[in-house]
Every structure is written in structure tokens, then in C-alpha cells.
Asks: 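Could you have a look at this structure, given as C-alpha cells, before my questions?
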Protein chains: 4
Amino acid sequence: MTTLALQIGTQVKDPERVRLRREQIVHAAVELFIQKGFHRTTTREIAKASGLSNGALYEYVETKEDILFLVCRHIHQEVRNRLADCLRLPGCGAEKLRQALYSFCEVMVAMQDEILLIYQESKALPKVYLREVLAEEQMVVGIFEKLLYEGIEDGSIQLPADRVSILAQDAVAMGEMIAFRRWALRAFEGPTLLATQVDLILRAAGVSP
Amino acid sequence: MTTLALQIGTQVKDPERVRLRREQIVHAAVELFIQKGFHRTTTREIAKASGLSNGALYEYVETKEDILFLVCRHIHQEVRNRLADCLRLPGCGAEKLRQALYSFCEVMVAMQDEILLIYQESKALPKVYLREVLAEEQMVVGIFEKLLYEGIEDGSIQLPADRVSILAQDAVAMGEMIAFRRWALRAFEGPTLLATQVDLILRAAGVSP
Amino acid sequence: MTTLALQIGTQVKDPERVRLRREQIVHAAVELFIQKGFHRTTTREIAKASGLSNGALYEYVETKEDILFLVCRHIHQEVRNRLADCLRLPGCGAEKLRQALYSFCEVMVAMQDEILLIYQESKALPKVYLREVLAEEQMVVGIFEKLLYEGIEDGSIQLPADRVSILAQDAVAMGEMIAFRRWALRAFEGPTLLATQVDLILRAAGVSP
Amino acid sequence: MTTLALQIGTQVKDPERVRLRREQIVHAAVELFIQKGFHRTTTREIAKASGLSNGALYEYVETKEDILFLVCRHIHQEVRNRLADCLRLPGCGAEKLRQALYSFCEVMVAMQDEILLIYQESKALPKVYLREVLAEEQMVVGIFEKLLYEGIEDGSIQLPADRVSILAQDAVAMGEMIAFRRWALRAFEGPTLLATQVDLILRAAGVSP
DNA sequence: AATGAATGAGCATTCATTCAT
DNA sequence: TATGAATGAATGCTCATTCAT
């Protein structure tokens, strides 16, 4: 479950400063990548929007792809952070699952652009980076797997064990769909949409409504 | 619901020749875009792979984006073609839905790369083109909407009418997920995977298993 | 004696045009490299001085190093061409050697800058190219070796066979010295200088003056 | 004939410290320049290899070219130092010349890389520096001139006076050739090579073998 | 004196598109 | 219609040098 945090090269020694500057960079880059895509965004634009000079940018990062990786990692961290809270709530497995699904969908709504960004641009990542990004996505799937098992054990969920993995994948897909297909989903009210998605997974998990 | 087929500019008069050459272009470009992505593919490469000269390419197309559009349109046509057959089969709404879902998932498996391509690269499309591409995708959603209504009418599906649209979207999302998340789904056997996905939607549609 | 001519990559199909344009490029580059050195010369400058656009330059060449290689090869060809004539003259080995040495020194005077260029910049060549450039230089050494053997055979030169190679090297070095050390040799009159150098080698070759 | 030692700018007052630090710098730079050439070596690399910070480097030197100059001067000093000893030996002019030539060739073998460095990179020196570097090289030539005159006077060398300068140049060139053309000379054994070179000059100087 | 982060002009190279033939 | 050479703006990245601390 723990991933070796990949180290991005930097010329700068003070780690706190590196953290800070990279935050600026990521902040600027997310915006730009969302607007124009990775390939149509220039490093010059990123530097400017970060408040850094062209050269300074490359003190904190070695390639443009590094920036994309930092962006993807940041987004996944954000998703996991927002999800973390709801996992500490009390309740049976089914109840916790419902909560988690709902939270996840909310996060997907809030972070539509960022999720889309990852799907659209991760192809541009060098393989090493891509592997880590996918691993981080799997961590979210892992959360749902754990909740499903919990529910199966406490009897609140009826599901053959060999369906757990696949359904956890579906749960994530169902949520991400909100981001992917937003242009088609704008017609629906938020609460209805979320309820439907959550319900869809719960039914498949054999939770009585 | 029908969209006027957008006209792509060409210098060439004979429409049959245009059709033919564009077929060559699309054929070459699909392959290249899948392998390297839209931005990393050069028009030179496309020309070469199409058996055209640099200049000739631009007789049949005005910009690189035109090619991407032709590619997306071609893929959607292919999807609809492959789906069309199963719609003429007899049976109640639920039965036809099951068939359609299954076929759709099969198509998604067969055309993984192409589906992924559309999602990853359509951002590069000029707005006018993007609109048409999305409209074509909606046509597939429309197919599932129609089947759901059919089932509701003949009593084989229990679903409040206001859920129809959303569920049709889910059906498409469920299928496309197979393409998007294939790296996570490689572990599962094809038949199991498809059955699960189809079942998921049918349950949500209130079809008794 | 024949070297596999290394092929430099080009986008252009017509070989005659390639030859022509590369001639322009080499012509411009020699001048610039002599003036400012390889590293201080920009490809833009070379393009401009060749009468080509930035882009066109790269239709005939793949990297800046390619240009340096073309330049070195051109210079060596020129040297060999100028030397070739005097080799067909009649006379005993010693006489032909004297002629060749004199011609070679003349060429070194005429091509001072170019010779210096090769020595100063060949370090920047990729290994494959460097090998070929050195091989071409060895061809000149080979000419002197052949003449020495000729003289030994016809009795006009007294030299143990195991000194032939080393002396051929010296002959070339003695000539190239005129290029390398011209700043120190400006003081001497051309004819005296050349005579001295030729004499030096002939003596070492055991030719009675 | 003596040149005012050029003053390189520095921010630092204590001359002993300047001497010390510059020694570090030169030591690091020689190595790097030999390996990668002047232009491909960055000041950052030099600073790091010297154990100095980026900023500190520029306290002891004003430009990158200053470093190259210091390096060249250092090398020449080293050459002269190594040569100095053999000049104090007793013997007639011819004998001393033979000794000096041999020592010089030995130094050239030992300092191949450094000699090559000077020839390849001195073009990058600002004119003022270049003049001094050439002047230092002439000092070595001067040594051989002096020895030749000594031999002429004591009768051990037969040479018209107007050939002295030119032959002294040749002596240096002959030695340096060992460095320049080492790729071609690897085939020969050291002692043979040196003996040949020394003999070549002695013959030209009219010293009976 | 020393540090090391910041600057920004500069460079090799690419590539969509045009156009003379 | 077709060819393929030409264009030139744009881009990712480097690095000598400066300067606040």
C-alpha cells in the first residue's frame, strides 16, 4: 500500500523551498493543463504563471514531463485526502461504503477537470511515472475493496468474494464517469445524479436499499 | 437529433476520390494516433503512412485537426455499425437491452484503443468538431434510452422514467470503462467481466436476473 | 584505401540537390567555424550564410555535428585532391617524395585555417564521425609511406623498413606544423620555410641533399 | 622577452588565499576540460569539482575564459618546470640539446592531454590571454634556440644561423606531435618513438649521430 | 568571504503549412 | 492533381553570471 515516492530531480538544496516552489508550479500547471492540455502548454507559460523565471523553473524540475507527474500526483493526493475523512466514520460496512461512494462522487464533481486531466494526459508520462500514477489510482480502488470486504464480513453486504475486485473497479469508474461525461450529465441535478450512481453500486453489491 | 455531417475542406473535385483518399488517411492516422498520440504524430508521418505526399495530404484536409476529426468520426461510425445488427433481433425490451449491452461491451473490448484515443485526444479538436463528436457519442446513449423505454412500456423493465437518461449514460460509461481501465482489468477473464458489467446495469434497471 | 562513405541523413530525395545544398552549407560553415569556432557558431548563422532558412538547413543535415563532419570531410578531400596531381609525376622515389613533401607543405600553407579547424574542433565530433575523419588523415600518411617504400626499393632512399611508418607520420606532422604554428612562423619567408621542412624529412629519410 | 604576468580580476584581498583557491580551480578544470572540452564543461561543474560554491568561483575569477587562461598558464609552467632540470646538466651544446629534446619529448608524452587541451581550446581565449599563452610557448622555443646557438659556438652543431629559429620551432613541433597524433602513434613503442624524434632534429641540426 | 537561488538571453531542433513546379 | 522542398515561428532546455542574504 505504500508507494516509494519517486524523487524528482532538483538543483536546489533546501527541501522546504523545493516543496514551496513546486507547489507554485503545480498550482499554475494544473490550471494551464486543464485549459489547454499538456502539449499546448509551454514551459514558459508555466514559469510565468508560477511567478518563476524560465530558468528558475528548471531548478525545481528536470523536464516538462516532471511537471505533469507532479500535477498528477498532487491530484491523486488531493482525492485521497478528501476521501480519508469519511473512512473514520462509524457504521456497518454497507453504511461506510455508501458514505465513501457518496464522498467519492462529490470529490469527482469537485475535481472534474483534474480527473479528466489525468486521463487525457497521462499518456504523455514516461513509463516510470505512469506506473506510479496508476498505482496511486489503484489505492483508491483498494479503499473500496476494503469496505466491501468489511461489509461482507459483518453481513451488511451480500457479494461473492470473487466479485469484490471488479466491483471496486466499477465503483471508481462510476464516480469518474461523472467527470468524463459531464458534458452529457449537465442536464441532471447534482443530488439526483450522485444518488443514482451510489445506488447503482450498492445494488450491485447486494445492499438492500 | 441528426447532425448535418460537417464538411471538411478539400481542393479536390471528385468526391469519390476524396472519400477514397480520406479513407487511406484515416486508416493510417488511427494507427499512429493510437501508438504515439495526436500531438506526437507528425503530418509527415501520416502522409507517408497514407501513401500520400506531404502536399497531397493537404489537398484532402485543411489542418491536422481535420484528420483527428475524421478519425473520431470514423471510430464512432464503426461502433454504431457493429452495434446495429443486434438491435434488429426479436425479444422484449429487457432482452434486447441485455443483448445490446453485451454487444456494446464486446465492441468496447475489440476497440479499446480507439475508444481511449477519442477520450484522450478529443480535447485537441476545435469546438465545432468536438460538438459533433460528442453528438455522435450521444447517439449511442440514445440507443440505450430507446431500449429502456421499450422495456418500460412492455413491462420487462421497472424504472422511473426520470432515471432513463441517467442510466443510459451509465450503460455507456460502464462499457467504456472496459477500455479506460483495461490496465486494471487485465486480471479478470473476459466473459466474467462482461457478464458483471451487463448485470450491473440490468439490476439498476430493475430487471429481475 | 577506400573508406565507406558515411551517409548523412537527409529529408530530400534528389541527390544532386543534396550535393548542391550541402556544398553551400559546407562553404558557409567552414568560414564561420574558422572565424568563431564550432561551438560559438550557431546553426542560424550557418543557415543564413548558406542562403537557407533555419528549417531548410535541417532538410540536408540532421544535427549540427553532421555539419562539422561534412566540413572535415570536405577539407580532407580538398587536401587529397591537391596532392593527387604531383603523385603522377615521373622520377625516382626520393624525387617523388621531395615533390610530394613540397606540395603538401604548400597545401598546408594554403589551407592553414582549415587544418587548424580540424584539429581544434574534431573533438566535438561523435565517435563514428571522428573515426572516419582520422581514417582520412591516415590516408595522407599512407601516401608518404608508399613513396618511402618506393624510394627504398629503387635505392634512392636509405631507411630501415621499420622507420617508414614513423617517418611518414613525421612528414605529415612537419607539414601540419606550418598550420599550427603559423603565429610563430610568420617571421620566415615562405620558400625558406618550406625548403627547411622538406629538407628535414629528406635528411631523416637518408636522402643525400 | 619577459611578459608581465597578466592580472586576473578577483574580489578577494588576501593574495595567498587567491593563490590557493585558484589552484583548486585549475586542478578541477584541467581534468574537466580534458574530458569534455572547454565549451561542454559548465562553470557549475568546475565549482563543484573545486569544492567551491557557484558564487565563490566568481570571487576568484571573472569569467569562464579566465579559468581557461589559468589552466593554460598552469600547463605551460608545468612544462617549463619539468624541462628546467635538464638544462643545468654539463656537456657540449649538442649533448645538452639531445638531453633537452629527449626530456621535452618525455614531458610531451606525460602531458599529452594537457598539450592537446591547449591547442584545442586556446581559440576560445580572449586575444589578450591568447597572446600571453603563445608567448609562454615561445619561451620553450627560446630554450632550444639558446641550445642551438650554444652548439654552433662550441662547434658541436653545424647549422647556418638563419636556420636556428626555424629548427627550434621544429623541435617543439616534433615533440608536440607526439601529443597531437597519439592516436596514430599508439602502434610504436615509446623509446623507439622518442629516439626517432630526437634523432630527426639532431640530424637536421647537423649533429653527427 | 561564502552561499546558492535566480535570471534571461540564447540555442538546437521540430513541424504544420505553403507553393513553385 | 501531385510532388516535395521551403518556411519560420515556436519550444524545451541550458548556463554564464549576478546578487540578496
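Chain naming here is simple, since letters A, B, ... match the order of the sequence lines and numbering starts at 1 in each. Because only heavy atoms are used, hydrogens play no part in the values below, and waters and symmetry mates are left out as well, while side chains stay in.
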Asks: If I take atom CG in residue Leu57(C) and atom P in nucleotide dC15(E), what distance separates them, rounded to the nearest angstrom?
Replies: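 Rounded to the whole Å, the gap is 16 Å.
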Asks: Would you write the dot-bracket representation of DNA chain E, where each base gets (, ), [, ], | or . depending on whether it forms a Watson-Crick or G-U pair under 3.5 Å and with which partner?
Replies: .||||||||||||||||||||
Asks: Shoot me the first and last contacting nucleotide of DNA chain F against chain D, ordered 5' to 3', at under 4.0 angstrom to non-hydrogen atoms.
Replies: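 So the outermost contacting nucleotides come out as dC15(F) to dT18(F).
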Asks: Looking at Glu23(A), Arg21(A), Arg17(A), which one forms a side chain to side chain contact (heavy atoms under 4.5 Å, CB included) with Arg19(A)?
Replies: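 Of the listed residues Glu23(A), Arg21(A), Arg17(A), the side chain to side chain contact (heavy atoms under 4.5 Å, CB included) partner of Arg19(A) is Glu23(A).
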Asks: What contact category does Thr10(D) fall into here, base, sugar-phosphate, or nothing, at under 4.0 angstrom with non-hydrogen atoms?
Replies: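 Nothing, no heavy atom under 4.0 Å.
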Asks: Determine whether a donor-acceptor pair (N or O, by modelled atom type, separation under 3.5 Å) exists between the side chain of Glu121(C) and the backbone of Phe38(C).
Replies: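 Here the side-chain-to-backbone pair exists.
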Asks: So, applying side chain to side chain contact (heavy atoms under 4.5 Å, CB included) with Cys72(B), which one of Leu134(B), Ile118(B), Leu117(B) is it?
Replies: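 Exactly one candidate clears the test, Ile118(B).
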Asks: What is the distance from CZ of Arg40(B) to C1' of dA16(E), rounded to the nearest Å?
Replies: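 After rounding, the gap between these two atoms is 17 Å.
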Asks: Between Lys123(B) and Ile34(A), is there a donor-acceptor pair closer than 3.5 Å when you use the side chain of the first and the backbone of the second?
Replies: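 Yes, Lys123(B) side chain to Ile34(A) backbone: donor-acceptor pair under 3.5 Å.
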Asks: Could you go step by step and tell me if Leu57(C) and Ile67(C) meet the side-chain contact (heavy atoms from CB on, under 4.5 Å) rule?
Replies: CA-CA 10 Å; Leu57(C) 182 67; Ile67(C) 302 178; 4.2 Å; yes
Asks: Base, sugar-phosphate or nothing for Ser53(C)? Non-hydrogen atoms, less than 4.0 Å.
Replies: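 Contact class for Ser53(C): base.
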Asks: How close or far is atom P of dC11(E) from atom CG of Asn54(C), stated in whole angstroms?
Replies: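 Nearest whole value for this atom pair: 11 Å.
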Asks: Round to the nearest Å and state the distance from Ile46(B) atom CD1 to dA16(E) atom P.
Replies: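 From Ile46(B) CD1 to dA16(E) P: 8 Å.
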Asks: Please compare His39(B) and Val12(A) by the position of their nearest nucleotide in DNA chain E and report the one closer to 5'.
Replies: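 Its nearest nucleotide being more 5', the pick is Val12(A).
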Asks: Any side-chain donor-acceptor pair under 3.5 Å between Asp66(A) and Tyr60(A)?
Replies: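 The criterion, which ignores hydrogens and geometry beyond distance, is not satisfied for Tyr60(A) and Asp66(A).
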Asks: Using a 4.0 Å heavy-atom cut-off, does Gln11(D) contact any base of the nucleic acid, only the sugar-phosphate backbone, or nothing at all?
Replies: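 Answer is nothing: Gln11(D) stays at 4.0 Å or more from every strand.
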Asks: Could you check Leu52(D) against Gly55(A) and say which one's nearest nucleotide on DNA chain E is further toward the 5' end?
Replies: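 Closest to the 5' end, via its nearest nucleotide, is Leu52(D).
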Asks: Between Ala56(B) and Thr41(A), which has a closest nucleotide on DNA chain F that is more 5'?
Replies: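 Here Ala56(B) is the residue nearer the 5' end.
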Asks: Give the minimum heavy-atom separation between Leu32(C) and Ala49(C), together with the two atoms involved.
Replies: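 Nearest pair, atom of Leu32(C) first, then Ala49(C): CD1-CB, 4.0 Å.
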Asks: Salt-bridge test for Glu45(A) and Lys48(A): reply yes if a basic N is under 4.0 Å from a carboxylate O, no otherwise.
Replies: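 No, Glu45(A) and Lys48(A) are not salt-bridged.
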Asks: NA contact type, Arg17(C), heavy-atom cut-off 4.0 Å: base, sugar-phosphate, or nothing?
Replies: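 Touches sugar-phosphate only.
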Asks: List the steps, then state whether side-chain contact (heavy atoms from CB on, under 4.5 Å) holds for Tyr129(B) with Ile8(B).
Replies: CA-CA 10 Å; Tyr129(B) 290 165; Ile8(B) 306 292; 3.3 Å; yes
Asks: I need the residues from residues 58-68 of chain D with at least one non-hydrogen atom less than 4.0 Å from DNA chain F; give them sorted by number, or say none.
Replies: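 Tyr58(D), Thr63(D), Lys64(D), in order of number.
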Asks: With side-chain contact (heavy atoms from CB on, under 4.5 Å) as the criterion, how do Arg22(A) and His74(A) come out once you've worked through the C-alpha distance, each side chain's angles and the decisive distance to 0.1 Å?
Replies: CA-CA 10 Å; Arg22(A) 284 188 178 167; His74(A) 170 79; over 6 Å; no
Asks: Start with the C-alpha distance between Leu20(C) and Glu16(C), add both sets of side-chain angles, then the distance that settles side-chain contact (heavy atoms from CB on, under 4.5 Å), and finish with yes or no.
Replies: CA-CA 6 Å; Leu20(C) 216 78; Glu16(C) 182 54 19; 4.3 Å; yes
Asks: With the threshold set at 4.0 Å, does a side-chain nitrogen-carboxylate oxygen contact exist between Glu59(C) and Arg44(B)?
Replies: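 A salt bridge is present here (some side-chain N lies under 4.0 Å from a carboxylate O).
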Asks: With a non-hydrogen cut-off below 4.0 angstrom, is Thr43(D) in contact with a base, only sugar-phosphate, or nothing?
Replies: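 Touches a base.
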